[in-house]
Amino acid sequence: MKNIAETVVIGGGIIGCGISYYLAKKGVSVICLEGSDFIGNGGSSRNGGGVRQSGRDPRELPFVMYGIKNYWPTLSEELEVDCEYHQDGNLRLGKNEKHKKILEGLTERAVKVGLDVRMIDGDEVRRINPYLSDEVTCASWCPTDGHANPLTTTLGYYKSARRLGVRFITGEKAVELKKMKGKLRKVICESGNVYEGETIVLAAGYESRKIAETIGIDIPMQKILLEALVTEAEPHMFDQMLGTAEADFYGHQTKHGSFVFGGSSGYEGFTEIYETPFSYSKTAPCVCRGIIKYFPNLLNAKIVRTWAGWMDQCLDGVPVLGNVEEVPGLVLACGFSGHGFGIAPGAASQIAELITEGKTAVDLSALHYDRFKAKI
């Protein structure tokens, strides 16, 4: 009976740990399987820490808005860790007319969903953050956005879930799903171990695609390299989360003074040489050149280290959440397309609601797997 629980969660990142935690709070027995030897070994420990609503697809925006309203402000207290959550706003920066049009479109769509976000000019940008250069001519400004620490937050969910009785098993790689009497029931692992549950939650990032294929489900996503860097501690400059119109870099200053920046070089689709993600030699210099144009004060900042990770990029850029009509007993929570950290409390709590109550406070329908069905 030790391999049987009411719910089996596949994936020990922030989504899997979060779902496990919120289920356990509701009294559900949970086994969480992590294929690697470490909790949070995927994107949960390799992202830039953004907790933002601005710049999102309107289909996923309600989830992060829900999480920021109901969970993020008190998450450190609830999980008994310092999530280092700051809600000091997000400046999404632009330098030309092309950028302005992108930002105006994102802002208009977000306002329709009810988000407090607006366009501002370069002078107002520098009143909010005087360290930005004169190259910045516009930005979208969302005062309720922020950032947090991915490592402490993910481990906070993990430790809190364990305290509530969730059984975590690392180094247990799920490779196959099996039905019993027409309903999904079993998770078969590479080790040969079999786990059973009334509900199986697939929250294994990009690896979810291969696992889902064993039950006849194809989730259209691919893995794309994401990279980040961190500087030595600098004097305090600002607390806002920063991004750009074309998302070529983003970042923030941590409570310890170091800057964490993520970004891209344009070569990400051509760097999948190894199974383990490695930082690409062109990315950090490319990101640094961009940063210096925005922040001249960081010209001499020393880079401590860089790191890389795989992003589960979904076909349409938003996650796949909820039940699957063709496979009773299966719940999907993957394809977050680099947005999983900030959306985690909202998405994880709602998946737990779906499993226990059969309904959610936030409408999941636009993120269901069936959106990929051929239209007749």
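Predicted model only: the values in this text are computed from it and were never measured.
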Minimum-distance pair of heavy atoms, taken over all atoms of [X] and [Y]:
X      : Y      : result
Cys17  : Gly12  : SG-O, 3.6 Å
Cys189 : Val175 : C-CG2, 3.8 Å
Cys314 : Met221 : CA-CB, 3.7 Å
Leu225 : Ala308 : CD1-CB, 3.8 Å
Ala212 : Leu202 : CB-CD2, 3.8 Å
Ala233 : His256 : CB-O, 3.6 Å

Examine distances only and state if a side-chain atom of [X] and a backbone atom of [Y] form a donor-acceptor pair shorter than 3.5 Å.
X      : Y      : value
Thr231 : Ser258 : no
Ser76  : Cys83  : yes
Thr154 : Leu151 : no
Arg209 : Ile217 : no

Quick one: do [X] and [Y] make a salt bridge, cutoff under 4.0 Å?
X      : Y      : answer
Asp57  : Arg109 : no
Asp312 : Lys223 : no
Lys186 : Glu176 : no
Glu78  : Lys25  : yes
Glu227 : Arg46  : no
Glu135 : Lys95  : yes

Heavy-atom side-chain contact between [X] and [Y] under 4.5 Å:
X      : Y      : value
Ser44  : Pro150 : no
Val187 : Val194 : no
Val201 : Ile355 : yes
Glu60  : Ile343 : yes
Ile169 : Glu34  : no

Could you tell me if [Y] and [X] have a donor-acceptor pair between their side chains, going purely by distance under 3.5 Å?
X      : Y      : result
Ser54  : Asp145 : yes
Ser29  : Glu6   : yes
Thr170 : Glu172 : no
His236 : Gln253 : no
Gln53  : Thr144 : yes

Check the pair Tyr294 / Tyr131 against ring-ring contact (aromatic ring centres under 6.0 Å, His included), numbers first and verdict last. CA-CA 8 Å; Tyr294 288 97; Tyr131 294 92; over 10 Å; no
Assess the residue pair Lys178 and Glu196 against the criterion (salt bridge (charged side-chain N to carboxylate O under 4.0 Å, His left out)); give the C-alpha distance rounded to whole Å, side-chain angles, the decisive distance to 0.1 Å, and a yes or no. CA-CA 10 Å; Lys178 277 196 172 181; Glu196 294 187 29; over 6 Å; no
Going through the checks in order, is the side-chain contact (heavy atoms from CB on, under 4.5 Å) test met by Ser160 and Leu79? CA-CA 6 Å; Ser160 297; Leu79 301 182; 3.6 Å; yes
Would you say that more than 12 heavy atoms from the other residues, nucleotides or ligands in this model lie under 6.0 Å from the [atom1] of [X], or not?
X      : atom1 : answer
Arg162 : CZ    : no
Glu77  : CD    : no
Phe372 : CZ    : yes

All ring pair (Phe, Tyr, Trp, His ring centres under 6.0 Å) counterparts of [X], not counting sequence neighbours:
X      : value
Trp72  : Tyr85, Phe341
Phe259 : Phe238, Phe261
Tyr157 : Tyr21, Tyr22

Please lay out, stage by stage, how Lys98 and Glu246 fare under the test salt bridge (charged side-chain N to carboxylate O under 4.0 Å, His left out). CA-CA 9 Å; Lys98 177 185 176 184; Glu246 295 188 295; 2.9 Å; yes
side-chain contact (heavy atoms from CB on, under 4.5 Å) between Val125 and Leu93, intermediate numbers included: CA-CA 9 Å; Val125 168; Leu93 310 170; 4.2 Å; yes
